[in-house]
Amino acid sequence: MTPPAQPRILDLDRDRLAALRGRALTRAVAAAEGWTMVAEVFAERAALSPHPDGSGVHNAELVAAFGADVVVLNLIERAWDGERLRLPGLGEFTSFTELARVIGRPVGVNLEPGDVPEIRRAKPEYAKRPVGMGAALLCITANPGTGGSYGAMARVTDELRRGLGDDAALWSGKMHHAGHPERITTARLTALVDAGADGVVMPLPGTLPGVTRELAATAVAAVQDAGAIVMGAIGTSQEGSHANVVPQLALNAKEAGFDAHHFGDSYIPGMCDPEVMYAYSVAIRGRRHTWNRMALGGRHARPARPAAAWPAVSGDGPGPQTS
């Protein structure tokens with residue numbers, strides 16, 4: 001019997017999308033062949049929630065509405081005490097699973113090596129809590145000025161894989177130098193896969209000096225051959241650029257073969273420019289798939305109706321008729 005085809009992330013409705021986590025998420029991204037959009041947001045920010053009572057729209061909802069398939073929360077300690085998430089515009093949540101159901105997207109969390117708050121530290125004893133509460137993926141990266149190195153990321157990725165098991169989604173890598181300048185090389189990226197990453201993060205060509213189209217294409221191919229997906233990141237505040245920058249970044253990324261496309265959180269408070277992300281999505285997957293994601297984001301799955309519930313047509317008995 002032929003096994004069912006791996007679903008592509010861009011074909012899933014909001015309920016099936018929100019339920020994705022771990023390696024199943026990574027496989028769904030791989031199956032989509034470069035048409036996945038990921039948006040990173042500050043956990044505690046809601047750009048469209050100016051009211052003192054916290055009512056309004058959280059950044060996670062806004063990027064989802066503009067076509068993001070996956071949402072990643074940055075600086076999680078500002079909104080999560082290890083037990084409850086408190087998100088302006090959305091309210092309180094006792095799990096990431098619950099938040100994912102509400103916004104209709106898988107929700108990941110940034111973790112980092114080095115001297116950062118414990119709740120954000122990439123150590124198994126701290127990472128088990130977000131995974132246990134339904135975080136869809138752990139993005140092992142480094143915020144500006146934290147001094148994260150590729151060596152440190154490989155080390156903590158290995159520790160996390162050993163501590164969390166095979167099913168956790170670990171996407172590791174840098175979006176910029178993070179206060180520790182070093183060459184981005186194929187060897188450093190594939191070392192992350194050797195350490196246990198099923199996804200590798202690297203800057204898109206045109207966002208970090210020295211990351212050329214040729215380097216990106218070579219590195220992406222090597223990482224994919226090693227068995228992981230690659231997420232190309234815009235984490236250099238160019239997520240707030242003018243829209244005319246988009247075609248060059250997007251088409252260079254697609255030519256290089258990136259599996260997923262990341263937008264950082266540095267434009268309006270704690271998120272990208274949603275119109276720039278929308279234009280990028282249209283550039284890499286067209287209006288059809290962009291609008292499909294935006295529309296399916298509002299659709300809940302319906303229970304199947306029994307065949308007898310269909311009205312009879314032209315005396316031919318129950319069931320829908322086709323022309």
I want to check something: taking the side chain as every heavy atom from C-beta on, are R105 and V70 in contact at a cut-off of under 4.5 Å?
no

Closest contact, heavy atoms only, I76 versus L73
CD1-CD1, 3.7 Å

Thinking salt bridges, do E182 and K174 make one under a 4.0 Å N-O criterion?
yes

For V63 and C272 the tightest heavy-atom approach is CG1-SG, 4.3 Å

If I compare all heavy atoms of S241 with all of D273, which pair ends up nearest, and what's the gap?
O-OD2, 4.4 Å

Give the minimum heavy-atom separation between L87 and A79, together with the two atoms involved.
CD2-CB, 3.7 Å

N-O pairing of R285 and D69 below 4.0 Å:
yes

Heavy atoms of P124 and L160 approach each other most closely as N-CD2, 3.7 Å

Please tell me if the side chains of E61 and V71 come closer than 4.5 Å, counting only heavy atoms from C-beta onward.
no

What is the minimum heavy-atom distance between V109 and A135, and which atoms define it?
CG2-CB, 4.1 Å

Quick one, D259 and E33 - any side-chain contact, counting heavy atoms below 4.5 Å?
no

Any ion pair linking D167 and R21 (charged N to carboxylate O, less than 4.0 Å)?
no

Are R213 and E255 ion-paired here, with the side-chain N under 4.0 Å from a carboxylate O?
yes

Is it true that the NZ or CZ of R78 lies under 6.0 Å from the centre of F42's six-membered ring and within 45 degrees of the ring axis?
yes

Exceeds 12 heavy-atom contacts within 6.0 angstrom, atom OH of Y267
no

May I ask whether L10 and V29 are part of the same hydrophobic cluster, defined by side-chain heavy atoms of I, L, V, M, F, W, Y residues being less than 4.5 angstrom apart, directly or through others?
no

Would you call D11 and R8 a salt bridge, using N to O less than 4.0 angstrom?
yes

First locate atom CD of E214, then atom OG1 of T212, and finally report the distance between them rounded to the nearest 0.5 Å.
4.5 Å

Can you tell me how far the CZ atom of R293 sits from the CG atom of L17, to the nearest 0.5 Å?
4.5 Å

Side chains of V276 and Y280 in contact at under 4.5 Å (non-hydrogen atoms):
no

When rounded to the nearest 0.5 angstrom, what distance separates CE in M294 from NE2 in H289?
15.0 Å

Within the supplied structure, the quantity of interest is the number of heavy atoms (other residues, nucleotides, ligands) at a distance under 6.0 Å from E92 CD; does it exceed 12?
yes

Under a 3.5 Å cutoff, is there a donor and acceptor pairing between the side chains of T186 and T218?
no

Side-chain contact, heavy-atom cut-off 4.5 Å: W171 with L138?
no

Compare all side-chain heavy atoms of H262 with those of M37 and state whether any distance is below 4.5 angstrom.
no

Could you tell me if W35 and S281 have a donor-acceptor pair between their side chains, going purely by distance under 3.5 Å?
no

Taking the side chain as every heavy atom from C-beta outward, state whether T94 and L85 have any pair of such atoms under 4.5 Å apart.
no

Less than 6.0 Å separating the ring centroids of F96 and W80?
yes

If you draw a 6.0 Å radius around CG in D166, do more than 12 non-hydrogen atoms from other residues or ligands fall strictly inside?
no

Could you grab the distance from atom OH of Y150 to atom OG1 of T157, nearest 0.5 Å is fine?
11.5 Å

Between CG of L192 and CE of M202, what distance do you get to the nearest 0.5 Å?
11.5 Å

Any non-hydrogen side-chain atom of R45 less than 4.5 Å from a side-chain atom of P88?
no

K254 NZ to L249 CG distance, which is reported to the nearest 0.5 Å:
15.0 Å

Assess the side chains of N110 and T141: does a donor N or O sit below 3.5 Å from an acceptor N or O?
no

